[in-house]
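The basis for the numbers below is simple: all heavy atoms, side chains too, and nothing from hydrogens, waters or symmetry mates. Just so you know, ligand 1 is whichever comes first in the structure, and atom 1 is the first atom listed for that ligand. Note that this is a predicted model, so its numbers are computed, not measured.
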Amino acid sequence: MNATIENTILKKENEAFLRRRHQHYINGEWVDGVSGERIDVLDPATGRVITTVSGGVAEDVNKAVAAARVAFESGEWRAVTGFQRGQLLHKLADRLEELGDEFAELEALDCGKPVTYARAVDISLTARVYAYQSGWASKIAGETLSPTVPGEYHAYTLREPIGVVGAITPWNFPMLLTAMKLAPLLAAGCTAVLKPSELTPLSTLRLIEVIEEVGFPRGVVNVVTGYGYLAGAALAEHEDVDKISFTGSGATGRRVLAAAGKNFKRVTLELGGKSPMIVFPDADLERAIPGLAAAIFFHQGQVCTAGSRLYVHKSIHDQVIEGIVEQTTKLKIGHGLDPSTTMGPMVSADQLEKVLRYVDDGRRGGAETITGGGRIGTDGFFMSPTVLVNTDDRMTVNREEIFGPVLCAQSFTNDDLSAVVASANDTDFGLAASGWSRDLSVAHKVAQKLRAGSVWINAHNILDPALPFGGFKQSGWGREQGSEAIRMFTEVKTVCAAL
Ligand code: NAD
C-alpha cells in the first residue's frame with residue numbers, strides 16, 4: 001500500500017485552487033462567512049489538512065436564501081426560456097467533461113477515491129446527468145383536462161418551478177449527488193442554495209466557478225459551506241425555502257423533515273440502504289463474483305446502494321465466498337491519486353472507527369471473518385476489505401448501514417424463492433437490491449418481489465441519469481434522475497376557465 005504519496009504533484013489548477021481562500025458564494029460573489037470560523041478539509045489518505053473552508057451559520061444561509069429568492073422572483077432567470085436553460089445545462093455538462101481530469105483529481109484528493117474511478121464515475125456520470133436533464137428543460141408541460149361538471153369549460157395544468165431549493169448533500173459522491181439535484185432544479189427553473197458536506201466541500205466550490213463561467217445569472221446558484229447542525233439546519237428550517245432536497249443518513253433526514261414542517265416546505269429524501277444481493281444456484285459465477293465484490297468494495301463500501309448483505313444458495317456458497325475473497329486480493333489499496341489504486345481510504349477517522357466497531361460487533365454476535373476486519377497502517381483512514389460469513393438477519397451488522405467495505409454473507413437452502421426474498425426484505429431499508437440468476441423467470445419474479453427502489457438483475461450499482469432512483473421504506477421519499485426528477489422540482493397548477 002502506498003498511502004502517503006509524499007511527492008504528489010497536483011495539476012497546477014488544483015494547486016492554485018487549494019491555495020485560494022474558500023468562501024461562501026452568494027448572489028454571484030465570493031464572500032466571507034459571518035462567524036469567521038474556518039473548517040479544516042483533510043486528505044483522508046494522509047489525515048493531513050489540505051485547505052480550509054468557511055463555517056457557515058444561519059446569517060450566511062439567510063443571505064444566500066434571500067439571493068436565491070430575488071433571482072427566482074424578479075431576476076433575469078425568469079426570462080430565460082426552458083430551451084435556454086437546457087442550453088446552459090448542456091454547456092455546463094460539456095465544460096465539466098473538458099475539465100474532467102482536474103475535477104477527478106480534486107474529488108480523489110478530497111474524498112479519498114481512486115482517481116480513475118473519480119474520472120469515470122464521479123465526473124463523466126455527473127456531466128451526463130447535466131446533459132440528460134438539459135433535454136427536459138424544454139419539455140416541461142402540463143395536460144389538457146376534461147372537467148366533469150356540466151357546462152363549457154377549458155381546463156389545463158401548468159407545471160411551474162417549485163421556487164427556492166435547499167440542496168444538502170453528503171460526502172461520498174459530492175459532484176454526482178449535487179448534479180442529481182442541481183441539474184433538474186435548474187432545468188425546471190428553480191434557484192438553489194447548496195450546502196455540501198463539511199468533509200468534502202471542495203468540488204462544489206470549484207463547480208461554482210464553472211457555473212459562473214457558462215453564464216448562469218447571479219443568485220441562481222448559491223453555496224454556503226459549513227457544518228450540518230448549523231448551516232444545514234438553518235437551511236432546512238428556513239421559512240423562505242420552498243423545498244429541501246436532502247441526501248444523507250436517516251438520522252439527519254428525520255431532523256430535516258421535522259425542520260421542514262415549520263413552513264410545510266416540500267422535501268425529497270435520499271437516505272441510507274442495506275442492499276441485499278441474492279445469488280441463485282444457476283447464476284453465471286464468472287460474472288457474478290467480480291460483480292458482487294465490486295458491489296460492496298467500490299468506494300470502500302461508502303455507497304448508499306452498496307451490496308452489503310449477500311444471500312448465496314448453499315450449493316455454491318463456498319465457491320462464491322472464495323471467489324470474492326480472491327477478488328479482494330486483487331484490490332490495490334492506496335492513495336486515491338495513484339492511478340493504479342483501486343481502493344482508497346475511508347473518508348474520516350470517525351467513519352473508520354464506526355466501521356471497525358460494527359465488525360467487532362458482528363464477530364461478537366457469531367459472524368466469522370473470512371478476510372479483512374481491521375485497519376491498515378496508521379497514516380490516513382484505511383480499512384481492509386472485509387467478508388463476514390454466518391451472519392443472520394437479526395445481527396446488527398445485517399440490520400444497520402455500516403457504510404464501509406464489509407460484506408455480510410449468509411447461505412440459503414430453500415429452493416422456493418419466497419423464503420430468501422422474505423429475508424432480503426426483512427429490513428427497514430429499501431434503496432436497492434440485486435438478483436443473480438440465468439433463469440429469466442426467477443430473475444423477474446425476484447425483481448417483482450423485492451421491496452427496493454432499484455432492482456438490478458445480474459448487475460449491481462447501475463446508476464444512470466435516465467433511470468429514476470430513490471428508496472422504498474426508510475431509504476427515502478421521492479425520486480431523483482429521469483423525468484421523475486423534474487416532477488420533484490415542479491408544482492402543478494390547475495387552470496379552469498368557464499367559457
Ligand atoms: P449525514 O446525514 O451525516 O450528512 C449529510 C448532509 O447533511 C451533510 O451535508 C451534513 O452537513 C448535513 N447535515 C447534518 N446535520 C444536519 C441537520 N441537522 N440539518 C440539515 N443538514 C444537516 O450523512 P453523511 O454521513 O454525510 O452521508 C452518509 C449517508 O448518506 C449514508 O447514510 C448514505 O446511505 C447516505 N446516502 C444516501 C444516498 C442516496 O441517494 N440514497 C446517496 C449517498 C449517501
Filter the ligand 1-protein atom pairs down to N or O on both sides and distance under 3.5 Å, then list them.
| residue | atom | partner | partner atom | Å |
| --- | --- | --- | --- | --- |
| ligand 1 | 2 (O) | S249 | N | 2.9 |
| ligand 1 | 2 (O) | S249 | OG | 2.7 |
| ligand 1 | 2 (O) | T252 | OG1 | 2.7 |
| ligand 1 | 9 (O) | T169 | O | 2.7 |
| ligand 1 | 9 (O) | K195 | NZ | 3.1 |
| ligand 1 | 11 (O) | K195 | NZ | 2.7 |
| ligand 1 | 11 (O) | E198 | OE1 | 2.6 |
| ligand 1 | 11 (O) | G228 | N | 3.2 |
| ligand 1 | 19 (N) | A233 | N | 3.4 |
| ligand 1 | 23 (O) | S249 | N | 3.4 |
| ligand 1 | 25 (O) | W171 | NE1 | 2.9 |
| ligand 1 | 26 (O) | W171 | NE1 | 3.3 |
| ligand 1 | 30 (O) | G248 | O | 3.4 |
| ligand 1 | 32 (O) | E401 | OE1 | 2.6 |
| ligand 1 | 34 (O) | E401 | OE1 | 3.3 |
| ligand 1 | 34 (O) | E401 | OE2 | 2.5 |
| ligand 1 | 41 (N) | L271 | N | 3.3 |
| ligand 1 | 41 (N) | L271 | O | 2.7 |

Task: Pairs involving residues 451-460, ordered by first then second residue, that meet side-chain hydrogen bond (donor to acceptor under 3.5 Å, both in side chains) (sequence neighbours left out) - done: S434-H460

Task: Sequence-distant partners of T369, side chain to side chain donor-acceptor pair (under 3.5 Å), two or more places apart - done: R363

Open item on the list: I'd like to check the side-chain contact (heavy atoms from CB on, under 4.5 Å) partners of V115; sequence neighbours left out, ordered by chain and number.
Closed with: A104, A108

Task: R309 side-chain N/O to K274 backbone N/O, donor-acceptor pair under 3.5 Å - done: yes

Open item on the list: If you apply the rule side chain to side chain contact (heavy atoms under 4.5 Å, CB included), what do you find for H299 with N461, and how did you get there?
Closed with: CA-CA 12 Å; H299 195 23; N461 278 344; over 6 Å; no

Open item on the list: A quick test of your reading: do over 12 heavy atoms of other residues, nucleotides or ligands sit less than 6.0 Å from CH2 of W30?
Closed with: yes

